[in-house]
Amino acid sequence: MPSPVAIDPNHYAVVSAMITPAFFLTAASSLLISSNNRLARVVDRMRAEIEVLRGTEQGPARVSLEARIAIHRRRSYLVLASVRMLYGAITAFVGTSMGIAVDAFFGYRLDLLPTGLAVVGVLLMLTASLCLGHEAKLGLRMLDKELDEQLAKDRLDLRND
């Protein structure tokens with residue numbers, strides 16, 4: 001039995017186009033989960049260092065500890081900025097999907113709306129990724145410094161034995 005309403009095949013193209021931003025949503029969501037985990041680890045590490053700081057007397061050890069805490073703070077701000085940007089990217093990609101539908105509804109007169117939102121989302125993801133890369137570099141530098149300090153301490157302990 002034929003359908004009483006004619007189905008415009010362009011609707012399928014619109015729905016297909018609306019699904020495309022889902023790939024970016026998936027990527028942004030994965031980065032967001034990873035970023036939230038990184039933020040939790042940095043905060044936990046900073047709290048542990050603060051606890052050690054409470055029992056540390058004035059001197060070189062305290063200065064070193066305070067410097068590490070300052071780097072943890074910087075790292076946490078970088079990850080938090082990334083989290084915010086990733087939420088913005090997710091919002092832009094959802095907006096892209098909605099923009100495609102709205103553009104189709106209005107006869108394809110708003111073509112810059114979905115494109116602009118997609119570009120904003122991609123730029124936010126790029127910037128968030130750069131922040132996360134910088135945070136990882138700070139974390140690795142901290143690890144290298146801690147390792148160097150420990151190795152120097154171990155060498156000093158061996159000489160004193």
Side-chain angles (χ1 to χ4, degrees), residues 16-103 110-161:
S16 232
M18 288 176 66
I19 291 170
T20 302
F23 295 113
F24 286 115
L25 279 166
T26 302
S29 298
S30 294
L31 277 173
L32 187 58
I33 290 168
S34 170
S35 297
N36 281 324
N37 288 337
R38 284 168 84 164
L39 183 58
R41 284 196 320 264
V42 170
V43 168
D44 288 346
R45 183 77 189 267
M46 186 168 33
R47 284 183 176 147
E49 300 268 20
I50 290 170
E51 193 59 39
V52 172
L53 182 69
R54 288 187 179 125
T56 304
E57 299 291 325
Q58 293 296 331
R62 185 175 181 93
V63 170
S64 176
L65 196 52
E66 288 172 352
R68 284 199 309 264
I69 291 169
I71 294 171
H72 285 309
R73 177 181 278 176
R74 176 78 178 124
R75 290 177 65 200
S76 69
Y77 288 149
L78 282 168
V79 177
L80 180 60
S82 298
V83 165
R84 288 177 176 160
M85 285 183 254
L86 290 168
Y87 276 121
I90 288 170
T91 301
F93 295 136
V94 170
T96 299
S97 187
M98 289 302 300
I100 290 167
V102 168
D103 185 34
L110 306 171
D111 57 341
L112 291 180
L113 176 68
T115 303
L117 287 169
V119 168
V120 166
V122 169
L123 288 174
L124 286 168
M125 277 185 64
L126 173 66
T127 308
S129 296
L130 292 173
C131 283
L132 291 170
H134 185 62
E135 183 274 329
K137 184 172 75 173
L138 284 175
L140 187 58
R141 280 186 188 162
M142 284 184 71
L143 182 62
D144 282 343
K145 187 174 180 180
E146 288 174 31
L147 180 60
D148 290 344
E149 289 172 359
Q150 186 61 46
L151 290 173
K153 183 181 173 187
D154 290 349
R155 280 192 293 270
L156 184 62
D157 289 344
L158 284 175
R159 286 184 205 153
N160 291 334
D161 286 341

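Excluded from the calculations below are hydrogen atoms, water molecules and symmetry mates; all remaining heavy atoms, backbone and side chain alike, are included. Fair warning: this is a prediction, and the values are worked out from it, not measured in the lab.
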Handout entry: V79 versus S35, closest heavy-atom pair with distance
Key = CG1-O, 3.2 Å
Completion exercise
Residue set satisfying side chain to side chain donor-acceptor pair (under 3.5 Å) with R62, at least two apart, ordered chain then number -> E66
Problem - Contacts of Y87 that satisfy side-chain contact (heavy atoms from CB on, under 4.5 Å) - sequence neighbours left out - result: L32, N36, V83
Practice task
For V52, check side-chain contact (heavy atoms from CB on, under 4.5 Å) against everything at least two apart and list the hits.
Solution key: T56, L65
Exercise for the section: Tell me, with the steps shown, if R47 and E51 meet salt bridge (charged side-chain N to carboxylate O under 4.0 Å, His left out). Expected result: CA-CA 6 Å; R47 284 183 176 147; E51 193 59 39; over 6 Å; no
Completion exercise
Residues passing the side-chain contact (heavy atoms from CB on, under 4.5 Å) test with L112, sequence neighbours excluded, are none
For a quick test of your reading: what N or O donor-acceptor pairs under 3.5 Å do the side chains of residues 117-132 make, sequence neighbours left out?
from, atom 1, to, atom 2, distance (Å)
T127, OG1, L123, O, 2.9
S129, OG, M125, O, 2.9

Problem - Qualifying residues under salt bridge (Lys or Arg N to Asp or Glu O under 4.0 Å), relative to E149, sequence neighbours excluded - result: R68
Problem - Set of residues satisfying side chain to side chain donor-acceptor pair (under 3.5 Å) with respect to R159, sequence neighbours excluded - result: none
Practice task
Indicate yes or no for a side-chain donor-acceptor contact from S34 to the backbone of S30 under 3.5 Å, with no hydrogens or angles considered.
Solution key: no
Problem - Pairs meeting criterion ring-ring contact (aromatic ring centres under 6.0 Å, His included) with involvement of residues 111-151, two or more places apart - result: none
Problem - Over 12 non-hydrogen atoms of neighbours within 6.0 angstrom of CE in M46 - result: yes
Practice task
Kindly state each residue pair satisfying salt bridge (charged side-chain N to carboxylate O under 4.0 Å, His left out) with at least one member in residues 123-138, sequence neighbours excluded.
Solution key: R38-E135, R75-E135
Handout entry: Summary of ring-ring contact (aromatic ring centres under 6.0 Å, His included) pairs that have at least one residue in residues 19-65, sequence neighbours excluded
Key = F24-F93
Handout entry: Contacts of type side chain to side chain donor-acceptor pair (under 3.5 Å), residue E57, not counting sequence neighbours
Key = none
Handout entry: Between CG on residue D44 and CG on residue L39, distance to nearest 0.5 Å
Key = 9.5 Å
Exercise for the section: Under the side-chain contact (heavy atoms from CB on, under 4.5 Å) rule, collect the residues that match up with L147, sequence neighbours excluded. Expected result: L151
Exercise for the section: Would you confirm whether S64, through its side chain, and P60, through its main-chain N or O, come within 3.5 Å as a donor-acceptor pair? Expected result: no
